[in-house]
Amino acid sequence: MTSLAPELVEPHLTGGFGRPYLYRETCESTQALLDASQPEGAVAVCEEQTGGRGRLGRRWDAPSGSAILSSTLLRPPDGRRIAELALVGGVAAANAVEAALALTAQIKWPNDVLVNRRKVAGVLAEARDGVVVLGIGINVNQTRDELPADAHPSAASLRTTDGVVRERAPVLARLLAELERAYAKWIEGGIDALYVDIGPRDFLRQRRVTLNGLSGIGVGIDRAGRFEVDVAGERHVVESGEVTYER
Ligand code: BT5
């Protein structure tokens, strides 16, 4: 089994993110290992989470040693919309997944990365004490049986997508390099500066969607990172929420 121990990951790091690199075999959640005392770009990684978190109190599950379970400490400037960081993480995860698979990845607003309509990565942005802890989970080597069976969208790993068992360390290093790049662009120019990475990957565009009590056709993610829905010819813009969609 491959490992994400520091001596295997640090040689692959190309930028500032991942320094320092906090590593544990087991933790409750990598989100709980970082706080405002850490510098921007500090990263926590575990092989296994006993209380892995999704959004809205949901769980994130992966067998020990099978996935990338990472959190990165960010210190965005005051006044920025924290929810946008889920999309920044989504861009980073989509780029890392595409580089590993040589297949295109889609972004399902606000925080999912899909390949072939299945979720291979999820992002969780949590603000506390003036910092943001950005959690990114990527399913790498899980077999079909090791993925949650009842998830919506249904779950996949890089392995169930192309049959390849991979070293996780280079995928993690790529993720951190992509996150550093995407975050720097976002600091400079907001979601608009990342739109080239988001617009063409927008999974919900033109799909029949329901969110926050609105049912309509997805117009897509806008240049501010919100989601637009066409409800009977009238456009609604949503800042955050849960989307259900029809195939
Ligand atoms: C997310 O939540 O997609 C955010 C996931 C963030 C996970 C990372 S791992 C490192 C860091 N530390 C943490 O504790 N969390 C972050 P959400 O959209 O709420 O999706 C959660 C739902 O996805 C669950 O209710 C399940 O149905 C499903 N799910 C659980 N584990 C999954 C997996 N490994 N792959 C795909 N779907 C999964």
Engineer: Do you know which two heavy atoms are closest between P76 and V132, and how far apart they sit?
Structural biologist: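 Looking at all heavy atoms of both residues, the shortest contact is CG-CG2, 3.8 Å.
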Engineer: Can you pull out every salt bridge (Lys or Arg N to Asp or Glu O under 4.0 Å) where at least one residue sits in residues 26-37? Sequence neighbours excluded, please.
Structural biologist: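 For residues 26-37: none.
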Engineer: Would a hydrophobic clustering, with Ile, Leu, Val, Met, Phe, Trp and Tyr connected at side-chain separations under 4.5 Å, put I221 with V196?
Structural biologist: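 No, because I221 and V196 fall into different hydrophobic clusters, even though each may have its own neighbours under 4.5 Å.
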Engineer: Does anything in residues 148-162 pair up under salt bridge (Lys or Arg N to Asp or Glu O under 4.0 Å), and if so which pairs, sequence neighbours excluded?
Structural biologist: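 The answer is D162-R166.
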Engineer: E146: what forms a side-chain contact (heavy atoms from CB on, under 4.5 Å) with it, not counting sequence neighbours?
Structural biologist: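 Partners of E146 by the side-chain contact (heavy atoms from CB on, under 4.5 Å) criterion, ordered by chain and then number, come out as P63, Q142, T143.
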Engineer: For R174, give me all partners under side-chain contact (heavy atoms from CB on, under 4.5 Å), at least two apart in sequence or on another chain.
Structural biologist: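 With sequence neighbours excluded, R174 shows a side-chain contact (heavy atoms from CB on, under 4.5 Å) to A96, A99, E178, given in chain and number order.
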Engineer: Taking salt bridge (Lys or Arg N to Asp or Glu O under 4.0 Å) as the definition, give me every residue that meets it alongside D192, ordered by chain and number, with sequence neighbours left out.
Structural biologist: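 Salt bridge (Lys or Arg N to Asp or Glu O under 4.0 Å) check on D192 returns R223.
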Engineer: Could you check whether any side-chain N or O of D230 sits under 3.5 Å from a backbone N or O of V219, counting only pairs where one atom can act as donor and the other as acceptor?
Structural biologist: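 No, D230 side chain to V219 backbone: no donor-acceptor pair under 3.5 Å.
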Engineer: Which heavy atom in A155 sits nearest to a heavy atom in L147, and how many Å separate them?
Structural biologist: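 Scanning both residues completely, I find the closest heavy atoms to be O-CD1, 3.7 Å.
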Engineer: Do other residues, nucleotides or ligands put more than 12 heavy atoms under 6.0 Å from N116 CG?
Structural biologist: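 No.
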Engineer: Please name all residues satisfying salt bridge (Lys or Arg N to Asp or Glu O under 4.0 Å) with R81, sequence neighbours left out, ordered by chain then number.
Structural biologist: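 If we apply the salt bridge (Lys or Arg N to Asp or Glu O under 4.0 Å) test to R81, skipping adjacent residues, the hits are E84, E239.
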Engineer: Evaluate R205 against Q106 for side chain to side chain contact (heavy atoms under 4.5 Å, CB included), listing each step before the verdict.
Structural biologist: CA-CA 11 Å; R205 178 173 290 164; Q106 282 72 50; over 6 Å; no
Engineer: Between I191 and W186, which heavy-atom pair has the shortest distance, and what is it?
Structural biologist: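 Result for this residue pair: N-CD1, 3.7 Å.
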Engineer: Salt bridge (Lys or Arg N to Asp or Glu O under 4.0 Å) with K108: which residues, sequence neighbours excluded?
Structural biologist: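 D112.
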Engineer: Closest heavy-atom contact between P20 and P39?
Structural biologist: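 For P20 versus P39, the nearest heavy atoms are CD-CG, 3.6 Å.
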Engineer: Excluding sequence neighbours, so at least two apart, what forms salt bridge (Lys or Arg N to Asp or Glu O under 4.0 Å) with R53?
Structural biologist: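 Partners of R53 under the salt bridge (Lys or Arg N to Asp or Glu O under 4.0 Å) test: E126.
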Engineer: Evaluate the side-chain proximity of V133 to L73: yes if any heavy-atom separation is below 4.5 Å, no if none is.
Structural biologist: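 With C-beta onward as the side chain, the pair touches.
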Engineer: Once disulfide (SG to SG under 2.5 Å) is applied, what residue pairs with a partner in residues 18-67 remain, sequence neighbours excluded?
Structural biologist: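 Applying disulfide (SG to SG under 2.5 Å) to every pair that reaches into residues 18-67, excluding sequence neighbours, yields C27-C46.
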Engineer: Is the shortest side-chain heavy-atom distance between Y245 and P153 below 4.5 Å?
Structural biologist: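 Yes. Closest side-chain heavy atoms under 4.5 Å.
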Engineer: Enter the distance from L74:CG to E40:CD here, rounded to the nearest 0.5 Å.
Structural biologist: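 One finds 5.5 Å between CG of L74 and CD of E40.
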Engineer: How far does CG of L124 sit from CG of L85, to the nearest 0.5 angstrom?
Structural biologist: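 Between L124 CG and L85 CG, I get 11.5 Å after rounding to 0.5 Å.
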Engineer: Check E228 with R235, please: is the shortest side-chain N to carboxylate O separation under 4.0 Å?
Structural biologist: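 Here R235 pairs with E228 in a salt bridge, since their nearest N and O are under 4.0 Å apart.
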Engineer: Measure from the side-chain N and O atoms of R117 to the backbone N and O of S154, and report whether any donor-acceptor pair falls under 3.5 Å.
Structural biologist: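 Looks like no, no N/O pair under 3.5 Å.
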Engineer: As an exercise, state the distance from CG of N212 to CZ of F227, rounded to the nearest 0.5 Å.
Structural biologist: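 So the CG of N212 and the CZ of F227 are separated by 11.0 Å.
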Engineer: Do you know the tightest heavy-atom contact between L8 and H12?
Structural biologist: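 Closest pair (atom of L8, atom of H12, distance): O-CD2, 3.1 Å.
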Engineer: If I take atom CG from residue L175 and atom CG from residue L179, how far apart are they, to the nearest 0.5 angstrom?
Structural biologist: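 These two atoms lie 6.5 Å from each other.
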Engineer: Nearest 0.5 angstrom please: S70 OG to L33 CG, how far?
Structural biologist: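 Answer rounded to 0.5 Å: 11.5 Å.
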Engineer: With a 4.5 Å cut-off on side-chain heavy atoms, are L176 and T72 touching?
Structural biologist: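 Side-chain contact under 4.5 Å: yes.
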Engineer: List in chain and number order the residues that pass side chain to side chain donor-acceptor pair (under 3.5 Å) with Y23, two or more places apart in sequence or in another chain; answer none if no residue qualifies.
Structural biologist: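 Y23 satisfies side chain to side chain donor-acceptor pair (under 3.5 Å) with E47 once adjacent residues are dropped.
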Engineer: Would you call the rings of F17 and Y183 parallel, tilted or perpendicular, where under 30° means parallel and over 60° means perpendicular?
Structural biologist: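 Ring orientation of F17 relative to Y183: tilted.
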Engineer: Should V88 and V123 be counted in the same cluster of Ile, Leu, Val, Met, Phe, Trp and Tyr side chains packed under 4.5 Å apart?
Structural biologist: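 In one cluster with V88: V123, yes.
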Engineer: Does a side-chain heavy-atom distance below 4.5 Å link R118 with T160?
Structural biologist: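 R118 vs T160: side chains apart.
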Engineer: Mind checking whether L22 and V131 sit in one hydrophobic cluster, side chains of I, L, V, M, F, W, Y counted as touching below 4.5 Å?
Structural biologist: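 Cluster IDs for L22 and V131 match.
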Engineer: To the nearest 0.5 Å, tell me how far Y195 OH sits from D202 CG.
Structural biologist: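 Rounded to the nearest 0.5 Å, the OH-CG separation comes to 6.0 Å.
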Engineer: If you group Ile, Leu, Val, Met, Phe, Trp and Tyr by side-chain heavy-atom gaps below 4.5 Å, do I187 and V91 land in one group?
Structural biologist: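 In one cluster: yes.
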Engineer: Which residue pairs pass the salt bridge (Lys or Arg N to Asp or Glu O under 4.0 Å) test when at least one of the two sits in residues 4-23, sequence neighbours left out?
Structural biologist: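 As it turns out, there is no salt bridge (Lys or Arg N to Asp or Glu O under 4.0 Å) pair with a partner in residues 4-23 once direct neighbours are skipped.
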Engineer: For L194 and A182, work out which heavy atoms get closest and say how close.
Structural biologist: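 Taking L194 first and A182 second, the nearest heavy atoms are CD1-O, 3.7 Å.
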Engineer: Report yes or no: does R168 contribute a side-chain atom to a donor-acceptor pair with the main-chain N or O of A67 at less than 3.5 Å?
Structural biologist: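 Flag set: sc R168 to bb A67 pair under 3.5 Å.
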Engineer: Check the pair D197, K185 against side chain to side chain contact (heavy atoms under 4.5 Å, CB included), reporting the backbone distance first and the verdict last.
Structural biologist: CA-CA 11 Å; D197 290 290; K185 276 184 126 181; 4.2 Å; yes
Engineer: Considering only residues two or more places apart or on different chains, which pairs with a residue in residues 218-247 satisfy disulfide (SG to SG under 2.5 Å)?
Structural biologist: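 Non-adjacent pairs meeting disulfide (SG to SG under 2.5 Å): zero.
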Engineer: Hey, is CZ on R80 packed in by over 12 heavy atoms from elsewhere, all under 6.0 Å?
Structural biologist: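 Enclosed.
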Engineer: Any heavy-atom pair between the side chains of I217 and R208 that's under 4.5 Å?
Structural biologist: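 Yes; the side chains approach each other to less than 4.5 Å.
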Engineer: Verify, without hydrogens or angle tests, whether W109 (side chain) and G241 (backbone) share a donor-acceptor contact under 3.5 angstrom.
Structural biologist: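 No, the answer is negative, given that no donor and acceptor are paired below the 3.5 Å cut-off.
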Engineer: With a 4.5 Å cut-off on side-chain heavy-atom distances among I, L, V, M, F, W and Y, is there a chain of contacts connecting L103 to I138?
Structural biologist: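 Yes, because L103 and I138 connect within a single hydrophobic cluster, where side-chain heavy atoms sit under 4.5 Å apart.
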